[in-house]
Amino acid sequence: MNSNGLSFDDINLDPAKIPSHVAIIMDGNGRWAKKRLMNRIKGHEKGADTVRAIVRCCRKLGIKILTLYAFSTENWLRPKAEVTALMGLLKRFLDSEEKELLEKNIRLNTIGQTQRLPQNVRTVLTRVKASTQDNDGMLLNLALSYGGRSEIVEMVRKIGTRVADGELTPKDITEETIVDHLYTRDMADPDLLIRTSGEMRLSNFLLWQIAYSEFLVTDTLWPDFSETEFISIITQFQNRERRFGRVLET
Ligand code: IPE
Ligand code: IPE
Ligand code: MG
């Protein structure tokens with residue numbers, strides 16, 4: 001048993017090979033609703049329940065960082081009613097989860113152009129980030145109004161400004177300089193990237209950070225995604241051979 005009451009024997013996972021950072025493209029809410037002749041918003045509401053379950057499961061497993069793609073820069077182009085509903089849902093989610101994040105020692109962080117979010121969402125984000133800032137059990141990293149390309153543009157602008165100000169010369173720029181100017185600057189790269197609902201694409205997610213992440217796609221729609229399937233994906237991850245371009249001893 002680990003300190004959270006979860007036995008690794010029961011679930012057949014190797015505690016020594018739990019990924020430190022898992023990133024998830026939570027896709028398929030709209031299709032889940034459509035299949036049931038419901039409004040897409042109902043799919044997003046059901047999807048929020050899956051978020052709760054997966055956050056709990058990651059905490060139990062001892063995963064250190066969970067990054068969830070909740071809203072992309074391109075998602076602003078969806079119908080206004082859907083965007084408004086998603087923002088309302090996000091605010092309700094944060095209001096209702098604050099207590100549990102505190103109890104479970106989880107810190108909230110966001111990546112993305114959060115200045116584009118409505119004021120009432122920004123207010124609750126600021127509050128929950130502040131109240132959870134000293135928690136060190138897990139980092140819940142929400143990608144909100146996030147785009148990998150806009151993250152890269154912002155990074156280049158920041159480094160360009162430092163060069164223009166004479167703080168850096170182009171020759172000083174290394175991979176580390178780039179990492180230090182991304183939204184994810186203090187985080188290890190994702191070990192595992194999961195996408196639900198079968199789409200084999202990145203949709204502008206974490207373009208720099210996933211250079212060596214293991215990628216797993218499931219056909220399950222996000223509202224139907226479960227703790228059991230998540231654990232089975234972690235098992236598959238544990239059976240992958242990560243080579244990082246090298247030749248491993250045979
Ligand atoms: C993912 O589900 C949630 C967001 C992108 C906000 P979708 O809304 O993309 O669901 P599908 O892809 O239309 O089924
Ligand atoms: C990716 O899903 C974004 C999120 C899960 C927030 P999308 O549904 O927006 O991606 P595409 O349009 O299928 O590429
Ligand atoms: Mg989608």
Side-chain angles (χ1 to χ4, degrees), residues 21-55 58 65-94 96-97 108-118 120-122 124-125 139-153 182-184 187 190 192-210 213-226 229-230 233:
H21 185 172
V22 175
I24 309 182
I25 303 173
M26 310 182 289
D27 197 17
N29 294 351
R31 276 162 283 175
W32 183 92
K34 195 173 173 201
K35 267 188 8 194
R36 289 162 179 77
L37 305 177
M38 294 198 270
N39 187 299
R40 295 175 56 83
I41 314 292
K42 291 282 173 213
H44 297 312
E45 287 171 0
K46 189 75 176 31
D49 294 337
T50 308
V51 174
R52 276 186 200 96
I54 297 306
V55 169
C58 286
I65 307 176
L66 172 64
T67 297
L68 297 176
Y69 202 7
F71 194 86
S72 72
T73 45
E74 289 73 27
N75 290 151
W76 289 114
L77 301 171
R78 291 190 177 194
K80 194 166 178 290
E82 182 170 346
V83 172
T84 305
L86 280 165
M87 293 301 145
L89 189 60
L90 174 61
K91 184 182 174 309
R92 288 203 301 283
F93 176 83
L94 293 164
S96 65
E97 289 315 285
L108 179 75
N109 184 59
T110 57
I111 54 172
Q113 301 175 330
T114 36
Q115 72 280 8
R116 291 177 73 183
L117 299 169
N120 64 349
V121 174
R122 272 156 47 202
V124 61
L125 276 174
L139 178 68
L140 173 60
N141 191 34
L142 293 183
L144 295 173
S145 189
Y146 174 87
R149 287 185 171 178
S150 65
E151 179 179 34
I152 288 170
V153 170
L182 294 172
Y183 298 131
T184 49
M187 301 172 210
L192 171 61
L193 172 66
I194 300 169
R195 183 164 185 149
T196 57
S197 89
E199 246 48 270
M200 303 273 187
R201 57 176 169 256
L202 288 175
S203 304
N204 203 10
F205 194 40
L206 300 177
L207 299 177
W208 170 277
Q209 296 88 338
I210 55 159
S213 306
E214 294 296 323
F215 198 3
L216 263 142
V217 176
T218 169
D219 284 335
T220 307
L221 305 174
W222 179 252
D224 290 327
F225 191 67
S226 64
E229 184 168 6
F230 183 74
I233 287 178

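For ligands, and for the atoms within them, numbers begin at 1 and follow the listed sequence.
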**Q** What atom name does the N, O or S atom of Asp27 nearest to the Mg ion (ligand 3) carry?
**A**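 Asp27's closest N, O or S atom to the Mg ion (ligand 3) is named OD1.
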**Q** For Gly28, state whether at least one heavy atom is located under 4.0 Å from any atom of ligand 1.
**A**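 It does; at least one heavy atom falls under 4.0 Å.
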**Q** I'd like to check whether Ser72 has a polar contact with ligand 2, where a contact means an N/O of the residue lying under 3.5 Å from an N/O of the ligand.
**A**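 Between Ser72 and ligand 2, no N or O pair is found under 3.5 Å apart.
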**Q** Measure the spacing between CG of Leu216 and CZ of Arg195 and express it to the nearest 0.5 Å.
**A**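 It is 14.0 Å, given to the nearest 0.5 Å.
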**Q** So Ser145 and Thr114, do their side chains get closer than 4.5 Å, heavy atoms only?
**A**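 They are not in side-chain contact.
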**Q** Distance check, rounded to the nearest 0.5 Å: Asn29 atom CG versus Thr50 atom OG1?
**A**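 Asn29 CG to Thr50 OG1: 7.5 Å, rounded to 0.5 Å.
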**Q** Does any non-hydrogen side-chain atom of Asn109 lie less than 4.5 Å from one of Tyr183?
**A**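 Side chain of Tyr183 against side chain of Asn109, heavy atoms only: no contact under 4.5 Å found.
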**Q** Measuring from the heavy atoms of Ala70, does anything fall under 4.0 Å of ligand 1?
**A**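 Right, Ala70 reaches ligand 1.
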**Q** Considering only the protein, which heavy-atom contact is closest to atom 2 (O) of ligand 1, and what is its distance?
**A**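 I find the closest protein heavy atom is Asn29 N, 3.2 Å.
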**Q** Counting each atom of ligand 1 from 1 as listed, which ones have a heavy atom of His44 under 4.0 Å away?
**A**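 Matching atoms, with element in brackets: 3 (C), 8 (O).
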**Q** Answer with side chain, backbone, both or neither: which part of Leu221 has a heavy atom less than 4.0 angstrom from an atom of ligand 1?
**A**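 None of Leu221 does.
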**Q** Answer whether the closest heavy-atom distance between the side chains of Thr73 and Ser150 falls below 4.5 Å.
**A**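 Thr73 vs Ser150: side chains touch.
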**Q** Of Arg40, Arg78, Glu82, which has the heavy atom at the shortest distance from atom 9 (O) of ligand 1?
**A**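 Shortest heavy-atom distance from atom 9 (O) of ligand 1: Arg78.
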**Q** Any idea which protein heavy atom is nearest atom 1 (C) of ligand 1, and the distance to it?
**A**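 Minimum-distance protein heavy atom for atom 1 (C) of ligand 1 reads Met26 O, 3.0 Å.
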**Q** Does any N or O atom in Gly30 lie less than 3.5 angstrom from one in ligand 1, N or O only?
**A**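 Looking only at distances, the answer is yes, because the N/O contact criterion of under 3.5 Å is met.
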**Q** Using a 4.0 Å cut-off to any heavy atom of Arg31, which atoms of ligand 1 qualify?
**A**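 Those of ligand 1 that fall under 4.0 Å from Arg31 are 11 (P), 12 (O), 14 (O).
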**Q** Under a 4.5 Å cut-off applied to non-hydrogen side-chain atoms, are Asp224 and Thr196 in contact?
**A**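 No, too far: nothing below the 4.5 Å cut-off.
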**Q** Pull out every atom of ligand 2 sitting under 4.0 Å from any heavy atom of Phe71, numbered as shown with elements.
**A**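 Numbered from 1, ligand 2 contributes 6 (C).
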**Q** Atom 7 (P) of ligand 1: which protein heavy atom is closest, and how many Å away?
**A**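 Nearest neighbour among protein heavy atoms for atom 7 (P) of ligand 1, to 0.1 Å: Asp27 OD1, 3.6 Å.
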**Q** Would you indicate whether the side-chain heavy atoms of Phe215 and Leu193 approach each other to under 4.5 Å?
**A**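 In contact.
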**Q** Hey, what's the ring geometry for Phe205 with Tyr146, parallel, tilted or perpendicular (30° and 60° as the breaks)?
**A**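 The arrangement is perpendicular - the two ring planes meet at more than 60°.
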**Q** Measuring to protein heavy atoms, does anything land under 4.0 Å from atom 12 (O) of ligand 2?
**A**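 Within 4.0 Å: no protein heavy atom nearby.
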**Q** Is Trp32 close to ligand 1, meaning an N/O of one under 3.5 Å from an N/O of the other?
**A**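 No; every N/O pair is 3.5 Å or more apart.
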**Q** Do the non-hydrogen side-chain atoms of Phe71 and Val83 ever get within less than 4.5 Å of each other?
**A**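 Side chain of Phe71 against side chain of Val83, heavy atoms only: contact under 4.5 Å found.
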**Q** For atom 14 (O) of ligand 2, what is the nearest protein heavy atom, given as residue, atom name and distance?
**A**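 For atom 14 (O) of ligand 2, the nearest protein heavy atom comes out as Ser203 OG, 2.6 Å.
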**Q** Does a side-chain heavy-atom distance below 4.5 Å link Pro190 with Thr67?
**A**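 No; the side chains remain at least 4.5 Å from each other.
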**Q** Do the charged groups of Arg52 and Asp49 touch, with an N to O distance under 4.0 Å?
**A**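 Looking at Asp49 together with Arg52, the answer is yes, because their closest N to O distance falls below 4.0 Å.
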**Q** Can you find an N or O of Glu199 that's nearer than 3.5 Å to an N or O of ligand 2?
**A**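 No.
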**Q** Could you tell me which atoms of ligand 2, counted from 1 in the order shown, lie closer than 4.0 angstrom to a heavy atom of Arg201?
**A**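 Listed by number with element, the hits are 11 (P), 13 (O), 14 (O).
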